[in-house]
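What follows is a single structure, written as structure tokens, with notes after it.
Numbered from 1 within each chain, the chains take letters A, B, ... in sequence-line order.
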Amino acid sequence: MELLGGRGVPLWHAERDLAGVDAVILPGGFSYGDYLRCGAIARFAPIMEEVVRFAAAGGPVVGICNGFQILCEAGLLPGALIRNRSLRFICRVVHVRVESSRSPLTEGVAVGEVLEIPIKHGEGQFVAGEEDLARIEGEGLVVFRYCGPDGTVDDEHNPNGSAHAIAGVRNEAGNVVGLMPHPEHAVDPDLGPTGGQPLLASLLQHALARV
Amino acid sequence: MKHRFEVLVTLRPGLLDPQGKAIEGALPAMGWTNVRDVRVGKHIALTVEADSVEAARAQVEEMARRLLSNPVIEDYRILDAREVPA
Amino acid sequence: MKHRFEVLVTLRPGLLDPQGKAIEGALPAMGWTNVRDVRVGKHIALTVEADSVEAARAQVEEMARRLLSNPVIEDYRILDAREVPA
Amino acid sequence: MPEEPLHRALGLTDDELERIRAILGREPNRNELAMFSVMWSEHCSYKSSKVHLRTLPTEGPGVLVGPGQDAGVVDVGDGLAVAFKMESHSHPSAIEPYQGAATGVGGIIRDVISMGARPIALLDPLYFGPLTEERNRWLLEGVVAGIGGYGNCIGVPTVGGEVKFAPPHTTNPTINVMCVGIAPVERLVTAARTVHEGSYLVLFGAATGRDGIGGVSVLASRTLEEGAEESRPSVQIGDPFAGKLLLEACMELAERGLLEGLQDLGGAGLTCATSESAARARMGAEIDLETVPLRAPDLEPFEILTSESQERMLAIVAPEHLEEVRAVCARWGLASAVLGRMVAGDRLRVRMGDVVVADVPARSLADEGPVYHRPLEEPGWLAALREDDPTFTTVTVEPLEAFRAVLGSPNVASKRWVWEQYDHLVQGNTLAGPGGDAALVRVPGTMKALALATDAKGRFGYLDPYLGAAHAVAEAARNVAMTGARPVAITNCLNFGNPERPEVMWQFAESVRGMGDACRALGTPVTGGNVSFYNESAGSAIWPTATIGMLGLLEDHRLAVRTAFRPGCVVYLLGETRPELGGSEFAEVVLGRVSGRPPVLDLERERALHRLVAESARRGLLCSAHDCSDGGLAVALAESAIAGGVGFAVSVAGDLPWYVALFSESASRAVVSVEPARATELEDLCGAHGVPCARLGETGGPRLVFDGLFELGVDEATAIHEEALPKLLAG
Ligand SMILES: Nc1ncnc2c1ncn2[C@@H]1O[C@H](COP(=O)(O)OP(=O)(O)O)[C@@H](O)[C@H]1O
Ligand SMILES: [Mg+2]
């Protein structure tokens with residue numbers, strides 16, 4: 001965030017205070033070792049009560065990877081994430097296509113834009129029951145889909161077997177969004193692709209506009 | 001009193017089970033071609049200290065629903081309690 | 001005939017179970033302070049086509065030993081078979 | 001049948017028992033016997049290897065901590081130090097690959113943490129039997145998943161390593177792991193810290209169970225009733241989440257300056273940690289085992305003393321910091337226990353409540369173990385094997401066919417299947433992850449980067465252990481140098497068979513000699529390492545496998561050179577190609593022979609090459625650089641092409657037969673490319689450094705063109721290289 005001019009404030013899981021931040025990012029990592037299910041235990045962390053309240057009040061909340069899993073577990077986002085279809089952890093740069101501009105991450109990004117961002121997860125296969133899936137698609141809640149470099153969505157470019165190649169979704173209100181790829185690992189050109197830049201820039205814009 | 005329970009958490013029918021599929025895929029190479037519908041879930045055993053088995057069971061029920069399973073994709077089942085010698 | 005079995009694969013006693021430990025550690029914060037000895041294992045359900053339930057069971061036994069569990073760290077148990085309507 | 005005496009059942013010889021009696025001036029009790037047996041084991045005492053390891057060069061301008069502590073430490077400037085160490089976890093991994101490898105990662109991470117350094121990178125050199133066997137596939141899959149399972153979860157990127165295959169590893173897979181950490185120099189927790197009398201020994205982290213006490217369990221089986229075996233796990237389970245909490249707690253303790261000492265509990269558990277802490281401080285210690293948090297009830301004193309339960313650390317804490325230390329532990333959700341205190345004198349006195357259960361001089365356990373000059377003898381079969389030189393056999397295979405075979409051989413093929421299972425990005429400093437010659441990790445807060453590579457040359461070592469180890473050092477240094485970095489220092493893991501067999505001991509001694517000579521010549525001191533003996537079954541040992549972990553330093557990461565070709569550049573081969581196919585990939589894969597002599601190694605030439613590449617990198621001269629190793633020039637060219645998705649047209653015409661020119665594994669060579677406008681500058685620089693250079697051709701186009709020999713598409717070469725491993729693993 002700092003690279004883009006924002007300021008990060010780390011929040012401790014056992015606290016109950018969001019320290020007045022303008023946006024909440026639940027980062028990746030392995031909360032509680034991801035034992036049981038990814039995010040299953042973390043979503044009961046005391047700070048999550050505040051995050052739920054913040055989200056209900058329309059505050060922008062972004063979940064990345066493990067953070068996405070936590071938001072699904074907490075019921076803030078639809079669906080669930082299970083083990084990759086290969087059953088193996090995957091760390092690789094993928095392409096995702098932006099499917100909706102109605103999220104704090106994509107407000108400033110055109111639908112159809114293709115971004116290069118790394119994924120690194122063992123449990124990133126997005127699933128939902130048939131009805132849920134129909135609703136997610138019907139209401140346009142899909143924010144990102146895995147795709148090829150030219151934007152084609154097909155099985156070959158679906159790294160983990162996610163239903164409908166879904167890489168990220170939002171809630172109905174559009175203020176909570178989660179995704180498996182790691183935009184924060186795609187900001188610094190020294191380290192590789194920079195597909196995360198427009199997303200995090202959009203989040204900053206969005207958060208500032210609300211102040 | 002201590003009661004030991006076993007909770008079985010299974011993936012909802014209709015959802016794809018990558019682990020089950022992998023096992024099914026490995027079986028023929030080992031000579032077993034007659035196995036179908038392999039589904040992998042979780043088995044969680046735990047001991048609850050409670051005054052009655054009913055109270056203990058109610059608590060396990062709640063833990064299974066809220067923590068041990070994710071209702072979006074999983075079902076659970078509780079196996080009978082055994083009393084554990086103190 | 002088709003028979004459905006359930007195999008429970010559990011970590012051997014004495015072995016550290018990090019998953020169980022993490023769950024146990026998280027429970028008090030959710031208000032459950034009376035739970036101990038949480039152990040997490042696997043539940044595998046599968047359907048075997050065989051002439052007799054005995055033959056099916058023997059096969060499940062062998063699959064559990066050779067493929068579904070690693071005897072160095074795990075034990076297994078087979079729940080009763082149910083006949084599955086064809 | 002008379003029962004075997006207890007000390008022998010514990011692995012102590014009669015002589016060793018005599019020494020223990022002499023030290024104590026009495027009969028040791030059971031607990032003491034257990035303590036001596038674990039501390040005087042090969043694993044902890046290095047009794048067979050010590051005399052050889054002493055000959056290694058361990059000092060250099062940047063070395064802050066050499067061998068002897070949990071990890072070596074090197075000064076990298078800007079007030080920062082790098083701690084690094086390698087270890088083997090082969091035996092546990094052979095039984096339960098996932099957990100064996102996972103706990104290996106946890107263990108090596110704790111070694112680095114013990115120095116007060118934050119782990120920033122992992123590398124994993126792995127050696128398996130051929131993947132045509134199902135068990136070897138199971139081992140590889142489990143080990144890789146286990147390394148990822150632990151490393152990914154704890155948040156340390158796995159940025160490199162290697163995977164090689166050789167038949168002797170079928171029964172004995174070799175699993176090495178290296179960890180690299182970083183700390184401000186003044187925050188290091190080294191043995192140089194002053195420990196005060198009366199300071200507390202604080203054990204924190206996981207509870208203690210009956211883990212890894214296999215060796216001394218005979219004590220139990222003689223006293224406990226039948227059936228107790230059940231509860232004695234032979235395999236340990238990794239708990240990366242607990243490891244993560246431990247890591248963060250240790251970092252906070254080190255940052256706040258609350259520690260006089262810090263040590264992980266690894267082999268020999270509490271016995272090792274307490275006796276070494278006391279011995280290092282030239283003091284004694286008094287501890288009470290009743291304070292140790294237990295995972296299973298009713299552990300006996302000897303079990304608590306020797307348990308190898310994971311995710312535990314021992315801190316030495318001054319009384320005024322005790323409360324703060326315990327508070328930090330509590331904040332990270334870790335149990336802590338005050339075991340006892342440091343005392344004057346030299347005794348390690350262990351109580352269980354009011355009863356003294358052991359009382360021994362700490363140094364006798366930690367420093368005064370037996371030292372053996374084991375007999376050495378060159379194996380009788382070696383001379384004939386060496387004479388059988390594959391270099392001048394008649395080669396009937398077509399060049400293209402040979403090229404396909406070598407490029408797709410498991411040793412040479414892409415290891416993407418492996419390293420895609422590792423999070424190599426976490427922590428956000430990975431400038432270059434797996435896939436190139438060396439990984440590059442940014443030193444936070446500076447423009448510097450660490451260049452990291454691991455290498456072993458088992459096949460060369462089999463034919464000539466001296467050269468095998470020396471080549472491993474040279475290749476690791478070369479890999480690091482290809483990025484433009486300067487090789488700085490090494491750590492290592494020496495994997496061998498049974499040291500009680502003279503031929504194994506000879507292989508070991510020769511390898512140490514080769515490693516030492518190469519390190520001296522290249523100016524890369526040995527800062528630490530690990531010896532893993534007894535890697536054999538039924539008298540058949542693994543090939544002598546000296547694994548080298550090289551640390552290099554790149555002053556400005558923006559100058560880093562990469563492997564990949566880009567179009568429109570001129571390609572050069574640096575170094576000299578000789579008719580050397582002994583022990584080569586070509587000889588094994590195409591001719592079906594592992595024989596002959598390994599290539600000659602001229603360490604001055606090697607060093608000249610490294611200096612040349614470093615200088616070229618400083619000038620921003622190179623478009624790409626990649627060393628020639630397994631598979632020789634042909635593979636080096638192909639890998640640069642595949643990495644860049646760019647073809648080339650080269651001519652390797654000369655006096656050498658095509659298969660020598662393409663596949664000889666002569667040392668000290670590299671393939672580099674430059675902009676045409678700067679070709680003469682490179683040639684001049686080569687002249688100045690005394691490095692032979694030959695212009696091979698140009699980069700560009702979609703094909704790999706070996707003029708007059710064969711050509712194939714980049715996409716086809718990529719497919720051969722990328723698909724070999726996944727295909728084999730699919731069974
Ligand atoms: N087990 C592994 N873990 C991580 N990276 C690996 C592993 N095996 C190979 N690699 C990576 O693949 C690349 C090629 O490996 P290798 O052929 O051994 O390189 P070299 O011949 O240059 O020593 C290196 O970047 C290496 O780090
Ligand atoms: Mg190389």
Counting only non-hydrogen atoms closer than 4.5 Å, does A:I82 touch chain B with its backbone (N, CA, C, O), its side chain (CB onward), both, or neither? side chain
Taken in chain and number order and not counting sequence neighbours, the residues that satisfy side chain to side chain donor-acceptor pair (under 3.5 Å) with B:N34 are C:Q59
Under 4.5 Å, counting heavy-atom pairs only, tell me which of B:L16, B:V72, B:I44, B:V9 racks up the most with chain A. B:V72
Quick one: side chain to side chain contact (heavy atoms under 4.5 Å, CB included) partners of A:A186, sequence neighbours excluded? A:I117, A:P118
Short donor-acceptor separations (under 3.5 Å), chain B to chain A:
{"residue": "B:K42", "atom": "NZ", "partner": "A:L36", "partner atom": "O", "Å": "3.1"}
{"residue": "B:L67", "atom": "O", "partner": "A:R37", "partner atom": "NH1", "Å": "3.1"}
{"residue": "B:L67", "atom": "O", "partner": "A:R37", "partner atom": "NH2", "Å": "2.9"}
{"residue": "B:L68", "atom": "O", "partner": "A:R37", "partner atom": "NH1", "Å": "2.9"}
{"residue": "B:N70", "atom": "ND2", "partner": "A:E73", "partner atom": "OE2", "Å": "3.4"}

Side chain, backbone, both or neither of A:A163 within contact of chain B (heavy atoms, under 4.5 Å): neither
Chain A contact via B:L67 - which portion, at a heavy-atom distance below 4.5 Å: both
Which residues satisfy the side chain to side chain contact (heavy atoms under 4.5 Å, CB included) test with B:A22, sequence neighbours excluded? A:L87
